[in-house]
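This report refers to the structure that appears directly beneath it.
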Amino acid sequence: MSNIPTVVKLGGSCLDDMSPAWWDDLAHHGRSHPLILVHGWSKPLKQLSSRYSEPSAILRDRYGNQSRWTTPEVIADIKTVSAAMGEQVFGLLEQRGITAERVLGSDGLVRAGQGERWWWRDKQLVELDNLVGPITEVDPSALKNLQAGHCYLVTPLARNSAGQEVNTDADRAAAAIAGATEATSLTLVTDVAHLFIDGEPVRQISAQAAAEFRDRGATGGMRKKLRAAGEALDRGVDRVVIGSAPISDLLAGTTGTVITRT
């Protein structure tokens, strides 16, 4: 058995699509490795309220980066859907012999810096109070029970220097947590089987080539995943795997896209 955690970012849009066999495989892996699941919440938020599907729910800053417009009410809704997701995940794992507990990143695990204040609204840059912020620090001591047979489900909120709870990108939070816990790999589970470049699936790619594609051709969620992959590698993680297959297959490199430093 190993005390080195397996860190998995599970997209909120993927949760309902995972088969019983996928959870069987995760539990089998988790019996010999501590598990940290970092979850997204985009799809559950949209199911909670139609306003989260409106274009106005997403902001773009002066550098072209997109972010959910986050207010205290949005933070509360994130907690609501995260609690429901936690109950679902706990049931799936505990019936397979894995104990689990939920951790809010804002409860001492993740700290964030000052967020961007200028955002495009109605074709103008305006100053907005948007409760988002870049991750500056992860305190792994908040994860006190990193042992085989146990899973932490992390809601990637953070606390900034003013004490406010803020929204963070789940992929990048998973990268920071993987680095802080000295994980050797980060797995980004998504709804696509591989990274595709020019329509072709990529099985393995260097961090430099992935960054070049990110800046010239990647869009949307994949662009964020490639940024997170680079950050994880910079923080000491050996490799990042992107894909939609069972965890054991992704870690074995038999499917998905593997990103390494060289």
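All values below were derived from every heavy atom in this structure, side-chain atoms included, with hydrogens, water molecules and symmetry-related copies excluded.
- Remark: the Ser206 side chain and the Gln208 side chain contain no N/O donor-acceptor pair separated by less than 3.5 Å.
- Side-chain contact between Leu92 and Ile98: absent, with no pair of heavy atoms (C-beta onward) separated by less than 4.5 Å.
- Taking the side chain as every heavy atom from C-beta outward, Val166 and Val132 never approach each other to under 4.5 Å.
- Qualifying salt bridge (charged side-chain N to carboxylate O under 4.0 Å, His left out) partners for Asp77, counting only residues two or more places apart in sequence or in other chains: Arg51.
- A 4.5 Å side-chain heavy-atom check between Arg102 and Ser82 finds at least one atom pair inside the cut-off.
- Side-chain contact check for Asn130 versus Ser67: some heavy-atom pair is nearer than 4.5 Å.
- Cluster membership check: Ile135 shares its hydrophobic cluster with Tyr152, using side-chain heavy-atom separations under 4.5 Å among Ile, Leu, Val, Met, Phe, Trp and Tyr.
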Counting only pairs under 3.5 Å, give me each side-chain donor-acceptor contact of residues 230-250, with atom names and distances, residues two or more places apart or in other chains.
| from | atom 1 | to | atom 2 | distance (Å) |
| --- | --- | --- | --- | --- |
| Glu231 | OE1 | Arg172 | NE | 3.2 |
| Glu231 | OE2 | Arg172 | NE | 3.0 |
| Glu231 | OE2 | Arg172 | NH2 | 2.6 |
| Arg239 | NH1 | Leu251 | O | 2.8 |
| Arg239 | NH2 | Leu251 | O | 2.5 |
| Ser248 | OG | Asp25 | OD1 | 2.8 |
| Ser248 | OG | Asp25 | OD2 | 3.3 |

- Show the numbers, then the answer: is there a salt bridge (Lys or Arg N to Asp or Glu O under 4.0 Å) between Lys224 and Asp171? CA-CA 7 Å; Lys224 285 188 176 183; Asp171 292 309; over 6 Å; no
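- Note: Glu137 CD to Asp139 CG = 6.5 Å, rounded to the nearest 0.5 Å.
- Under the 4.5 Å side-chain heavy-atom criterion for ILVMFWY residues, no single connected hydrophobic cluster contains both Leu153 and Val7.
- Note on Trp69 and Ile78: separate hydrophobic clusters, where clusters join Ile, Leu, Val, Met, Phe, Trp and Tyr whose side-chain heavy atoms are under 4.5 Å apart, directly or indirectly.
- With a 4.5 Å cut-off on side-chain heavy atoms, Leu131 and Gln164 count as touching.
- Hydrophobic clustering of Ile, Leu, Val, Met, Phe, Trp and Tyr side chains at less than 4.5 Å, counting indirect connections, keeps Val8 apart from Met222.
- Looking at Trp118 and Asp61, their side chains never come closer than 4.5 Å, going by heavy atoms from C-beta outward.
- Going from atom CG of Leu146 over to atom CD of Glu182 covers 11.0 Å, rounded to the nearest 0.5 Å.
- Annotation: side chain of Leu15 is in contact with side chain of Met85 (closest heavy-atom distance under 4.5 Å).
- The shortest distance between side-chain heavy atoms of Arg111 and Val138 does not fall below 4.5 Å.
- Annotation: the span from His150 atom NE2 to Asn145 atom CG amounts to 4.5 Å, rounded to 0.5 Å.
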- Task: Before giving the answer on side chain to side chain contact (heavy atoms under 4.5 Å, CB included), spell out for Leu59 and Arg121 the whole-Å C-alpha distance, their side-chain angles and the decisive distance to 0.1 Å.
- Result: CA-CA 8 Å; Leu59 298 175; Arg121 297 289 292 164; 3.3 Å; yes
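- No continuous path of ILVMFWY side-chain contacts below 4.5 Å connects Leu26 to Val38, so the two sit in separate hydrophobic clusters.
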- Message: Under the criterion salt bridge (Lys or Arg N to Asp or Glu O under 4.0 Å), I'd like the reasoning laid out for Asp129 against Arg117: C-alpha separation, chi angles, the key distance, then a yes or no.
- Response: CA-CA 7 Å; Asp129 287 325; Arg117 295 194 58 82; 2.7 Å; yes
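- To the nearest 0.5 Å, atoms CZ (Arg62) and CH2 (Trp119) are separated by 10.0 Å.
- The aromatic rings of His194 and Phe196 sit perpendicular to each other, their planes meeting at more than 60°, with 30° as the lower class boundary.
- Separating the CG atom in Leu109 from the CD1 atom in Ile36 is a distance of 8.0 Å, to the nearest 0.5 Å.
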